[in-house]
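Here the structure is a predicted model, which means the values were calculated and not measured. Throughout, a chain's letter reflects where its sequence line sits, starting with A, and its residues are numbered from 1. Computation of the quantities below employed the complete heavy-atom set of this structure, encompassing side-chain atoms and omitting hydrogens, waters and symmetry-equivalent molecules.
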Amino acid sequence: MSEIVIGYDGSDSSKSALNQAFDFARALGDSLVVVFAYAPGGYGGGEVPEQRRAVEEFGEKVTKEAVDAAKAAKVNCKVEMINEHPHDALITIGDKHDARMIVVGSHGDNPIKGAIIGATPYKLVQLSDRPVLVVRA
Amino acid sequence: MESASIAVSDPQGAAAGDKGLKTGALGWVSNLVIGVASTAPGYSLAATLGFVVAVGGMGFHAPAVMIVAFIPMLLIAAAYYYMNRADPDCGTSFTWVTRAMGPRLGWLTGWTIVVADVVVMAALAYIAGVYTFLLFGLNDAAANLLDVSIVAAIWIIVMTAICYIGIELSARTQYFLLGAEIAALGLFAAVALAKVYFGDPGGFHVQADWFNPFTLHGGSTALIDGVLLGVFIYWGWDSGVCVNEESKDSANGPGRAAVLSTILLVLIYVVVATAAQAYAGTTFLKHHGDDVLSALGGPVLGSPLDKLLIIAVLTSASASTQTTILPTARTTLSMARFGSIPKIFGRIHPRYLTPDVSTLVMGAVSLVWTLLIINVSQNVLSDSITGIGFQIAFYYGLTGFACVVYYRKEIFKSLKNFIMVGVAPFLGGAMLTFIFVKAFLDYKTTSTDVNYSGGFLGVGTPVAIGVGSLLLGVVVLVFANIAYPKFFKRKWETAPPGILEGTVKGEASVMSD
């Protein structure tokens with residue numbers, strides 16, 4: 001009995017990752033930690049807290065879908081919303097739960113953005129000391 | 001297996017070190033950097049130094065104006081510091097004024113922020129266009145309105161896209177860019193002053209009188225008109241205050257950063273203004289009002305070092321463009337979530353998690369305004385910078401008063417409270433109000449003695465843009481009142497007791513419904 005951390009943002013690719021995580025959780029008898037990570041909207045001032053709240057509301061809506069899907073798939077899961085860049089967030093939550101592995105979709109980020117600032121799966125593979133499963137959409 | 005375990009331990013160590021650096025980088029120093037970078041000293045000087053010098057009766061007193069303009073800004077910084085402390089999670093001017101002084105003034109504050117940001121985009125994009133060509137030595141293109149318009153439009157589109165996708169520069173990249181900007185400005189000032197004293201005979205030796213605001217030929221009129229422009233160059237440091245989330249000590253860090261960033265800024269502005277006019281004299285600066293730093297870069301630094309100054313202005317303008325689009329989009333997002341403008345502005349992009357509708361609308365409106373204003377006339381563009389001074393004075397002033405009103409039950413509890421949340425923000429607000437009124441009286445004439453362009457609807461263009469936009473805001477406010485009755489029924493709030501003493505922590509109150 002261990003836990004599997006899954007990065008989920010509601011995108012199609014994160015849905016594939018979630019389905020894959022269900023399979024692993026059932027096979028291994030694990031439960032899931034669904035992580036919704038959002039980068040700190042820091043730079044540039046203005047009404048930063050309101051944007052964060054708006055993003056959190058969006059995150060709550062999105063993770064609820066994941067929780068409902070988990071219920072339907074008969075997998076135990078809990079949700080973590082965390083105000084960090086996704087790769088940092090997944091590593092942090094992975095450590096917190098001493099997770100068996102981290103599961104992410106391959107196209108969580110837009111390819112252009114990925115090329116400029118680096119995609120989450122790539123960073124995760126470099127930085128995580130836990131096994132990382134990258135699921136192709 | 002042994003070799004495997006050794007191999008594994010290394011990356012672990014690196015990861016831990018990386019994490020430590022990250023938390024260190026996001027302290028109040030980071031807020032300081034963001035505050036200064038958002039103010040964009042290189043760009044602000046490039047855009048306004050020539051205009052400040054050109055104010056009638058200014059003479060060699062531009063450095064004095066830089067110092068005087070700093071005083072109300074420092075006092076308003078106190079307001080930011082304490083409003084932020086009351087509730088590190090409550091946003092900025094729009095939210096504060098709404099809470100402290102009611103929904104109508106709050107709404108007008110939001111409107112003014114948005115309008116000022118749209119108006120400044122034209123000046124930013126224009127400078128970016130001109131300096132982009134100058135960087136490559138394309139002086140003819142830099143003087144061609146069509147060429148500059150095209151680059152300015154591309155500039156706005158690219159910057160909007162960056163904000164839309166949500167690419168944010170890391171703290172370290174910003175340290176580097178700001179460091180390079182300050183280094184370039186410092187090098188310029190040092191070389192210019194060295195040449196005045198040891199080289200070129202044409203320069204003017206620095207005199208104590210330059211820093212004295214009481215000896216202007218043009219008297220208080222020239223001083224106030226200069227300060228209105230000076231307010232513009234300090235505009236933006238409030239961005240540093242608002243970066244709360246990453247800062248460990250979020251109640252104190254950002255406010256301290258705001259105060260220190262104004263001090264750093266005043267040093268940069270006074271030193272560079274002094275060096276520029278010592279080297280070139282005021283006539284030269286007046287003639288190069290719209291490209292003052294690039295015009296000085298060549299003679300002072302020589303080729304290719306003069307390009308450093310141009311690059312500094314460009315990076316500064318890029319930071320400034322981003323810190324114009326982002327906060328504006330967040331302000332309209334916030335206003336939408338309060339239910340005071342259409343809900344669609346509160347939309348969050350599902351992938352990028354940015355306020356996408358707000359960002360795109362801001363970009364589009366800025367683009368239209370910019371192309372319009374650049375092509376109407378460069379004189380109108382010059383006047384629009386003066387116009388922004390009115391808008392800034394209005395909403396910074398209101399923020400100062402909002403602090404006093406919000407803390408009104410705390411002011412008389414101690415001498416420190418009385419000075420810091422009473423006298424200082426009130427004085428800041430009162431000074432900005434005075435500047436607003438005095439400048440209004442000076443600029444309302446259509447005479448081109450004080451304005452660059454001939455006026456609009458019978459009033460001077462700066463007043464038409466600066467004050468006209470506020471009046472337009474009042475008209476829109478009347479309609480908003482009808483459309484969003486719930487928001488406009490909000491009650492005024494006061495600070496809960498104990499916040500200033502630190503016994504009660506400011507709590508986030510969700511304003512949206």
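- Between the side chain of A/Glu50 and the backbone N or O of B/Thr332, no donor-acceptor pair lies under 3.5 Å.
- Taking all atoms of both residues into account, the shortest heavy-atom contact from B/Arg351 to A/Ser11 is NH2-CB, 2.9 Å.
- Looking at heavy atoms from C-beta onward, A/Glu57 lies in side-chain contact with B/Arg337 at the 4.5 angstrom threshold.
- Shown here for A/Ala54 and B/Leu333, the closest heavy-atom pair between the two residues is CB-CD1, 4.2 Å.
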Return all side-chain donor-acceptor pairs below 3.5 angstrom for residues 68-78 of chain A, not counting sequence neighbours, or 'none' if the list is empty.
{"unit_1": "A/Asp68", "atom_1": "OD2", "unit_2": "A/Lys64", "atom_2": "NZ", "d": "3.2"}
{"unit_1": "A/Lys78", "atom_1": "NZ", "unit_2": "A/Glu3", "atom_2": "OE2", "d": "3.2"}

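- In this structure, the side chains of A/Tyr38 and B/Ile348 stay at 4.5 Å or more apart for every pair of heavy atoms.
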